[in-house]
**Student:** 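Dropping a structure here in structure tokens format, bear with me for questions.
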Amino acid sequence: MKEVFSTYLSGIRLLFFKWKVWLAVFGFNIIFAFIIARPFGALLDKVGANNEASLEGLKNFDANFIVDLINNFGTEISLVAGQATFFVVLYLILNIFLSGGFIESYVHVFQRHTFGEFLSNCAKHFWRMIRLALYFIIAQIVVAAVLFTIYSKLGLSPFELESETILVRNTKIMLAIFAVIMIWVDMVNEYAKIKVVIDTDRKFILPILIDVKFFCLRHFFSILFLFLLCMLTFLAILGVYAALNDVIVMSSSTTIIFGLLLGQVYMIFRVGVRLLFTSSAVDYLRKNDWGAKHSVFPKKESA
Amino acid sequence: MFAYFTEMRIICYLLSFFTLSITLHGQSPLSPRIANYTIDLSLDVEQKQVNANQEVIWKNISTAPVSELQFHLYYNAFKNSESTFMKEGSLGGGLSKDGIEDCNWGWVEVLSLIDSAGVELINGASYIQPEDNNDQDQTVLRVPLASAVQPGESARFRMKWHSQIPKTMPRTGYNMDYYFMVQWFPKLGVYEPAGMRLAEEDAWNCHQYHAQGEYYSDFGNYDVSINVPSDFVVGASGELAEKIEAGETTTWRYVVEDVIDFGWTASPKFEELHRQWKGVDIKLLTYPEHVDCAPRYFDAVVAAFEYLDEHIGVYPYPTLTIVDPPIHGLFTGGMEYPTFISSVSFCFLPEGIRTPETLVVHEFVHQYFMQMVATHEVEEPWLDEGFTTYFEGKILDGYLGADQSTINWLGFKIGNEAFNRAEFFNSPNPQIAPASTKSYEYTEGGYGDIAYNKTALWLNTLEGLIGDATMSEIMKTYFETWKFKHPCGQDFIDIVNAVVRKNHGDALGENMDWFFDQALYGTDFCDYAVASISNKAVDSAVGYLDNFEDCITDQNTQEKYQSKVIIHRLEGMKLPVEVEVFFEDGISEMKYWDGKTRGHTFAFLSNKKVVKAVLDPAQKLPIDKNWINNSFVVEPNKSGVRYYFSKFFLATQRALESLMVFI
Ligand SMILES: [Zn+2]
């Protein structure tokens with residue numbers, strides 16, 4: 001456990017050490033969010049060009065404004081939604097593309113990468129990364145479909161249920177099972193991504209996946225603990241954000257800016273936690289799997 | 001022997017019942033008591049059947065002899081796939097595949113119908129289909145009489161019938177050991193004399209059972225004895241008069257006066273809870289997993305009692321039974337029968353989702369509109385569903401807050417008015433039919449959105465136009481005039497016209513027909529918008545002003561502005577509108593426009609500029625489909641737009657990041 005905790009700390013250190021990666025991932029999120037949100041903003045500008053209909057929203061949740069917006073600007077909203085779907089897909093693909101480069105910089109931590117090298121790393125791993133992503137998307141769909149089938153076989157039709165307490169109980173059980181399986185799938189996914197980057201000469205994904213699966217089984221409790229530490233970090237950040245967000249009521253231009261800034265701070269940390277899953281996994285793999293057999297920051301340095 | 005015993009019991013009950021009601025009250029009955037029923041039934045929980053003896057005393061209130069009776073046999077709507085109800089596509093889309101295999105149909109068969117002279121009439125009876133000529137539909141039974149019922153005379157008929165209870169059909173049926181028995185017995189239609197509800201001639205009004213629309217029947221007294229296994233708890237319309245346990249079965253006898261129908265329910269799992277309100281025993285029959293919801297039901301329904309007692313009239317019955325069905329009885333939730341209503345709740349329902357409150361208040365309001373003011377639910381659904389939705393909003397807005405009376409959950413707040421606007425304006429085609437459409441004629445959709453939501457919206461709009469006090473007076477007068485009678489839409493309109501004229505003279509026109517022509521009988525949308533504001537500095541006059549010699553060339557800018565506020569009517573509906581015009585010094589001026597032309601200009605010559613105009617500032621016209629364009633500001637405050645953009649932007653960021661879990 002102590003070793004896992006030091007891996008977690010090394011992960012954090014690696015995260016800060018490679019702050020450019022962190023910044024780039026956050027930047028990528030903010031750029032795409034802006035691209036997606038901007039047409040909606042333009043629509044809002046048009047809708048609110050010369051009226052004060054949107055002002056009530058500052059005081060209270062204004063259902064009438066939203067109802068009228070959907071009712072009277074439905075066509076424009078569908079257009080915005082269509083565009084958003086395209087950019088979301090693009091965002092996912094580009095993230096897969098960039099992940100090779102990011103992981104490469106975590107793996108070869110003291111190596112300096114020019115932007116060109118970074119892009120060539122991204123390109124080098126892209127096809128294998130995208131195959132890996134597809135495998136995991138399929139795995140998640142299969143898990144969800146199997147569990148839903150079992151769940152529905154247990155009784156979903158209200159007319160066949162003695163009481164909805166059965167439905168509640170089944171839902172809780174199924175969600176718990178789903179969460180456990182998804183933690184496993186996510187853990188394997190995290191280590192598989194790193195292995196894909198390390199084992200550059202292995203063209204096929206499946207043998208890597210099998211290796212990773214065995215690795216995860218061998219080190220199950222350690223990597224689970226590491227995973228849970230990262231998850232706790234995420235929950236702590238979420239809790240702090242939720243508490244602060246409650247304090248800042250976006251009701252004027254100033255508080256809106258504060259709210260936006262707080263949202264950005266939260267997003268920086270949230271992106272950071274996602275990278276922490278990877279950076280700590282890199283450190284764990286480095287200690288336990290590949291040649292180095294020691295942390296990315298050996299004790300001597302970190303002491 | 002059993003039959004003789006039953007008959008004797010019916011006669012005894014009848015005698016005691018009527019003597020009791022006359023002596024107890026010592027005053028004239030509340031209603032005309034035209035159709036009175038004494039039913040003695042046993043529930044066969046093995047076969048899911050009802051076997052019953054029924055006595056009907058029917059009074060001919062017309063001026064001519066009546067030579068036939070017409071009964072609703074609602075349960076035959078569930079007899080097969082060919083009934084009108086099934087063909088029209090019932091609420092649940094008919095029977096499921098399993099239901100067909102298990103033969104979960106329902107039916108009712110009248111075995112015998114004997115008049116007071118002992119003549120068996122059932123052999124001459126036949127099924128009729130007044131609306132669609134679907135000869136497979138057996139939901140209306142016509143019974144020619146051996147001797148006509150004379151004007152003013154009451155005739156007694158003894159019936160024997162049995163029925164197969166359907167499984168989980170809309171509104172009624174059984175599932176597992178839960179029974180919700182409504183529209184369950186052979187019930188007379190309404191014999192309407194010429195003139196009543198604009199009827200041209202004396203005739204039976206007895207519609208087939210349709211997928212949409214419920215019922216219409218006459219007032220009367222009910223005495224119903226329900227024999228069930230002893231472990232069952234029975235709830236019903238009216239009061240429990242007696243409970244006789246006889247070994248494995250128990251007979252629950254319920255009596256109720258001056259109502260238009262009777263419903264009952266039975267289950268061994270019911271928990272019974274009570275609350276009193278001004279002498280009314282409010283009984284909740286619920287399942288153990290829903291008991292936590294009881295305070296929500298009681299508090300909401302008490303709020304409704306208080307509101308209606310103050311604003312409409314007295315609730316004259318000693319009981320109200322609320323049934324909260326189990327999940328397998330979901331189809332039976334949200335229904336209204338005299339002194340007997342059903343709602344829906346789930347053990348996992350958050351407090352902010354107001355379904356139990358909304359339903360129980362809605363169904364309770366039906367006690368006034370369609371139960372006491374017994375309008376025709378099938379021919380004029382707006383008169384009950386629309387009124388009920390309107391009052392449901394008023395009651396819940398007062399009780400829970402106007403901005404959150406439907407939902408207040410996870411930061412989302414939706415009030416009743418916003419909910420009605422969302423339902424109506426965002427429906428697939430809000431203009432598909434006028435609100436005056438008969439329920440079964442909404443064949444292309446729109447029944448709920450128009451009969452319920454649109455009507456509530458235009459009633460609120462009417463209130464906005466004529467004022468709260470006048471609207472309140474109209475509703476009180478309407479109730480007082482028409483309680484325990486059968487009014488039609490025109491009767492309501494007549495009262496609106498009379499009260500509005502009394503209170504407002506001809507300020508709103510000779511009468512309010514122009515409003516009903518558009519809101520009730522029309523399908524046009526309403527949308528008024530402030531199109532623009534302009535402020536033009538007024539220059540001093542130039543040119544030859546006083547004579548033909550001196551040309552004034554110096555044009556001085558005066559400290560005066562010619563301001564114009566232009567209003568547009570974007571849709572067909574024409575309503576008078578108020579526009580509040582704000583000047584730069586903060587002073588505002590209220591202007592009025594009859595809203596009839598396509599556009600209107602309010603012009604001002606003043607030393608201050610117009611900075612803002614707000615049309616319908618008090619939001620009195622919820623029928624206006626777009627409130628966004630109701631204001632115009634010369635220099636708009638963009639905070640609202642920024643707020644929504646920021647929220648959307650942050651949500652997008654979070655959503656994008658959340659998606660990364662999947663790759
Ligand atoms: Zn209703």
Side-chain angles (χ1 to χ4, degrees), chain A residues 29-30 32-34 36-37 40-41 44-45 47-58 60-61 63-65 67-72 74 84 88 91-92 95-96 99 133 136-137 140 158-165 167-168 186 250-253 256 259-260 263-264 267 270-271 274, chain B residues 167-168 175-176 287-289 326-328 330-331 346-348 403 411-415 417-419 421-422 425-426 530 532-533 612 614 619 625-634 636-650 652-657 659-663:
Chain A
N29 171 283
I30 209 168
F32 265 78
F34 189 77
I36 291 168
F40 181 68
L44 281 172
D45 278 337
V47 170
N50 279 97
N51 59 58
E52 52 182 22
S54 58
L55 289 182
E56 181 61 28
L58 297 172
N60 214 337
F61 182 87
N64 274 313
F65 178 73
V67 166
D68 285 1
L69 191 67
I70 295 168
N71 180 35
N72 296 289
V88 165
Y91 177 75
L92 289 175
N95 257 294
I96 295 167
S99 61
F136 275 96
I137 289 170
Q140 288 168 82
F159 307 111
E160 304 305 323
L161 285 171
E162 174 69 38
S163 158
E164 68 269 30
T165 49
L167 202 66
V168 173
D186 273 3
M250 289 160 88
S251 57
S252 64
S253 292
I256 289 168
L260 260 179
Q264 296 319 302
M267 282 313 298
R270 188 163 164 183
V271 164
R274 171 157 62 92
Chain B
K167 188 180 175 188
T168 55
N175 197 357
M176 299 183 196
Y287 267 56
E289 61 271 23
I327 191 166
H328 49 269
L330 203 58
F331 261 156
F346 300 106
C347 67
F348 51 79
D403 63 333
F412 292 96
K413 288 182 182 179
I414 303 179
E417 192 167 80
F419 184 78
R421 294 183 82 237
F425 291 125
N426 290 326
V530 185
S532 66
I533 292 175
K612 182 168 90 170
V614 183
Q619 297 192 324
K625 76 192 263 278
N626 187 1
W627 276 347
I628 292 174
N629 60 19
N630 277 19
S631 61
F632 195 102
V633 188
V634 175
N637 177 351
K638 290 284 182 187
S639 301
V641 167
R642 285 185 201 120
Y643 167 81
Y644 283 108
F645 177 74
S646 304
K647 285 276 180 188
F648 186 77
F649 179 67
L650 289 171
T652 308
Q653 277 189 289
R654 288 197 292 268
L656 286 177
E657 184 53 29
L659 281 174
M660 301 313 293
V661 175
F662 299 108
I663 60 167

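Order of the sequence lines sets the chain letters (A, B, ...), proteins ahead of strands, with each chain counted from 1.
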**Student:** At what distance, to the nearest 0.5 angstrom, does CG of A:Asn72 lie from CD1 of B:Ile628?
**Tutor:**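 Here the rounded value is 6.0 Å.
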**Student:** Assess the side chains of B:Glu289 and A:Thr165: does a donor N or O sit below 3.5 Å from an acceptor N or O?
**Tutor:**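 No - no donor-acceptor pair under 3.5 Å links their side chains.
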**Student:** Working to the nearest 0.5 Å, report the span between CZ of A:Phe34 and OG1 of B:Thr652.
**Tutor:**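 Nearest 0.5 Å value for the CZ-OG1 distance: 11.5 Å.
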**Student:** One pair to check against side-chain contact (heavy atoms from CB on, under 4.5 Å): A:Asn51 and B:Asn629. What are the steps and the verdict?
**Tutor:** CA-CA 7 Å; A:Asn51 59 58; B:Asn629 60 19; 5.7 Å; no
**Student:** Heavy-atom cut-off 4.5 Å, strictly under: side chain, backbone, both or neither for A:Asn64 against chain B?
**Tutor:**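 Contact with chain B: backbone and side chain both.
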**Student:** Are A:Phe159 and B:Leu330 packed together at the side-chain level, in the sense that at least one heavy-atom pair is separated by less than 4.5 angstrom?
**Tutor:**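 SC-SC contact between A:Phe159 and B:Leu330 confirmed.
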**Student:** So how far is it from A:Ser54 OG to B:Arg642 CZ, rounded to the nearest 0.5 Å?
**Tutor:**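 Rounded to the nearest 0.5 Å, the OG-CZ separation comes to 10.0 Å.
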**Student:** Select one option (side chain, backbone, both, neither) describing which atoms of A:Val271 are under 4.5 Å from chain B's heavy atoms.
**Tutor:**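 When you check distances to chain B, atoms from both the backbone and side chain of A:Val271 fall under 4.5 Å.
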**Student:** What residues form a ring pair (Phe, Tyr, Trp, His ring centres under 6.0 Å) with B:Phe662, not counting sequence neighbours?
**Tutor:**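 Result, ring pair (Phe, Tyr, Trp, His ring centres under 6.0 Å) vs B:Phe662: none returned.
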**Student:** Would you mind telling me which of A:Met250, A:Glu162, A:Gln264 has the largest number of heavy-atom pairs within less than 4.5 Å of chain B?
**Tutor:**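 With the most close heavy-atom pairs to chain B, the winner is A:Glu162.
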**Student:** Identify which of A:Asp186, A:Asn95, A:Leu167 forms the greatest number of heavy-atom pairs closer than 4.5 Å to chain B.
**Tutor:**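 Counting heavy-atom pairs under 4.5 Å, the top option is A:Asn95.
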**Student:** CG of A:Asn71 to CG of B:Asn426: how many Å apart, nearest 0.5 Å?
**Tutor:**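 Result: 4.5 Å between the selected atoms.
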**Student:** Mind checking what makes ring pair (Phe, Tyr, Trp, His ring centres under 6.0 Å) contact with A:Phe65, not counting sequence neighbours?
**Tutor:**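 Checked A:Phe65 against ring pair (Phe, Tyr, Trp, His ring centres under 6.0 Å); matches are B:Tyr644.
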**Student:** Is it the backbone or the side chain of A:Asn60 that comes under 4.5 Å from a heavy atom of chain B, or both, or neither?
**Tutor:**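 The answer is the side chain of A:Asn60.
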